[in-house]
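Numbering of ligands and ligand atoms starts at 1, following listing order. Side chains are part of it too, since the values below use all heavy atoms of this structure and drop only hydrogens, waters and symmetry mates.
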Amino acid sequence: MMTESRASVLVETGVARHGLDYSKSDGASTIVFGIYAKNNGAKLYSVDNNPENIVTCQKTIDKMNLSSYVELNTADSIEYLKAFTQKVDFLYIDSYDYNRNNSEIIKASQAHHLEEIKAVEKKLHENSIILIDDCKLPGGGKGKSAIQYLQSNGWKILMNKYQVLLNK
Ligand SMILES: C[S@@+](CC[C@H](N)C(=O)[O-])C[C@H]1O[C@@H](n2cnc3c(N)ncnc32)[C@H](O)[C@@H]1O
């Protein structure tokens with residue numbers, strides 16, 4: 001779908017904090033989208049507020065020869081998205097960690113991902129694609145509030161699995 005829509009500006013919140021280690025449990029999104037960027041003349045802008053995670057991820061990006069296609073930024077994701085100046089073709093949100101056993105964290109994670117959407121929404125366009133991680137979880141997952149908000153603003157769910165994919 002990203003290839004069909006010629007997505008060239010990709011934005012991610014929450015880097016692959018272990019590089020390629022533990023990718024089955026924790027993900028390897030920055031590397032996967034970085035490879036897409038390399039193969040499709042695109043660029044991935046990724047943000048994380050933990051400098052150690054940035055350092056670890058950058059090492060893998062360098063090792064995989066992806067550094068020309070991936071820019072890692074140390075910042076709070078909401079502030080970063082507010083300040084982002086380009087139109088976003090593909091948005092992947094996966095920052096504030098979710099904990100199904102802690103209702104305060106559930107609320108905070110859902111609120112944070114909703115605020116990410118609000119921070120970036122003016123930079124999305126008719127063909128933008130949004131992917132939200134960690135959704136099919138007790139309590140509704142990271143995307144619960146963000147998805148409700150997006151649906152009430154004309155976004156449609158294309159895939160409703162552990163990750164939820166939306167477009168207009
Ligand atoms: C689940 S991990 C990201 C996993 C990665 N997307 C993958 O699939 O490999 C969540 C990351 O979000 C970062 N994070 C948490 N709160 C954040 C915030 N407010 N702003 C930016 N990054 C944040 C954490 O430091 C952590 O590295």
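- Interatomic distance, Ile105 CD1 to Arg100 CZ, rounded to the nearest 0.5 Å: 13.0 Å.
- Scanning all protein heavy atoms for the shortest distance to atom 18 (C) of ligand 1 gives Asn49 ND2, 3.3 Å.
- For His113, no heavy-atom contact with ligand 1 is shorter than 4.0 Å.
- Residues Ile35 and Leu66 are in side-chain contact: their nearest non-hydrogen atoms beyond the backbone lie under 4.5 Å apart.
- In terms of protein heavy-atom proximity, atom 10 (C) of ligand 1 is closest to Ser95 O, 3.1 Å.
- You'll find the side chain of Asp48 stays beyond 4.5 Å of the side chain of Leu72, heavy atoms only.
- Considering backbone and side-chain atoms together, Ser29 places an N or O closer than 3.5 Å to an N or O of ligand 1.
- The nearest protein atom to atom 9 (O) of ligand 1, hydrogens excluded, is given as Gly27 C, 2.9 Å; this is a heavy-atom distance.
- The proximity of Ile78 to ligand 1, defined as any non-hydrogen pair under 4.0 Å, does not occur for either the backbone or the side chain.
- Looking at heavy atoms from C-beta onward, Ser67 lies in side-chain contact with Gln58 at the 4.5 angstrom threshold.
- Comparing heavy-atom distances from atom 6 (N) of ligand 1 across Asp76, Asn50, Asp94, Val47 singles out Asp94 as nearest.
- The six-membered or imidazole ring of Phe33 lies near that of Phe90, with a centre-to-centre distance under 6.0 Å.
- Heavy-atom proximity to Asp97, at under 4.0 Å, picks out these atoms of ligand 1: 1 (C), 10 (C).
- Numbered from 1 in the order shown, with element, the atoms of ligand 1 that lie under 4.0 Å from a heavy atom of Lys142 read 1 (C).
- Residue Asn53 places at least one N or O, backbone or side chain, under 3.5 Å from an N or O of ligand 1.
- Within the 4.5 Å cutoff, side-chain heavy atoms of His113 are placed close to those of Tyr96.
- Annotation: Asp48 places an N or O atom under 3.5 Å from an N or O atom of ligand 1; distance criterion only.
- Of the N or O atoms in Ser77, one or more lie within a sub-3.5 Å distance of an N or O in ligand 1.
- For the pair Lys123 and Phe84, the NZ or CZ position fails the cation-pi test of under 6.0 Å to the six-membered ring centre and within 45 degrees of the ring normal.
- In this structure a side-chain-to-backbone donor-acceptor pair under 3.5 Å is present from Asp76 to Ile78.
- Cluster annotation: Ile132 is connected to Val47 through the hydrophobic network of ILVMFWY side chains, with a link wherever side-chain heavy atoms come within less than 4.5 Å.
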Distance-only donor-acceptor pairs under 3.5 Å for side chains of residues 156-168, two or more places apart:
| residue | atom | partner | partner atom | Å |
| --- | --- | --- | --- | --- |
| Tyr162 | OH | Asp134 | OD1 | 2.6 |
| Gln163 | NE2 | Tyr92 | OH | 3.3 |
| Gln163 | NE2 | Asp133 | OD1 | 3.0 |

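- Atom numbering of ligand 1 starts at 1 in the shown order; those under 4.0 Å from a heavy atom of Ala75 are 20 (N), 21 (C).
- Atoms of ligand 1 found under 4.0 Å from any heavy atom of Arg17 (numbered from 1 in listed order, with element): 1 (C), 2 (S), 26 (C), 27 (O).
- Listed by number with element, the atoms of ligand 1 under 4.0 angstrom from any heavy atom of Tyr92 are 6 (N), 8 (O).
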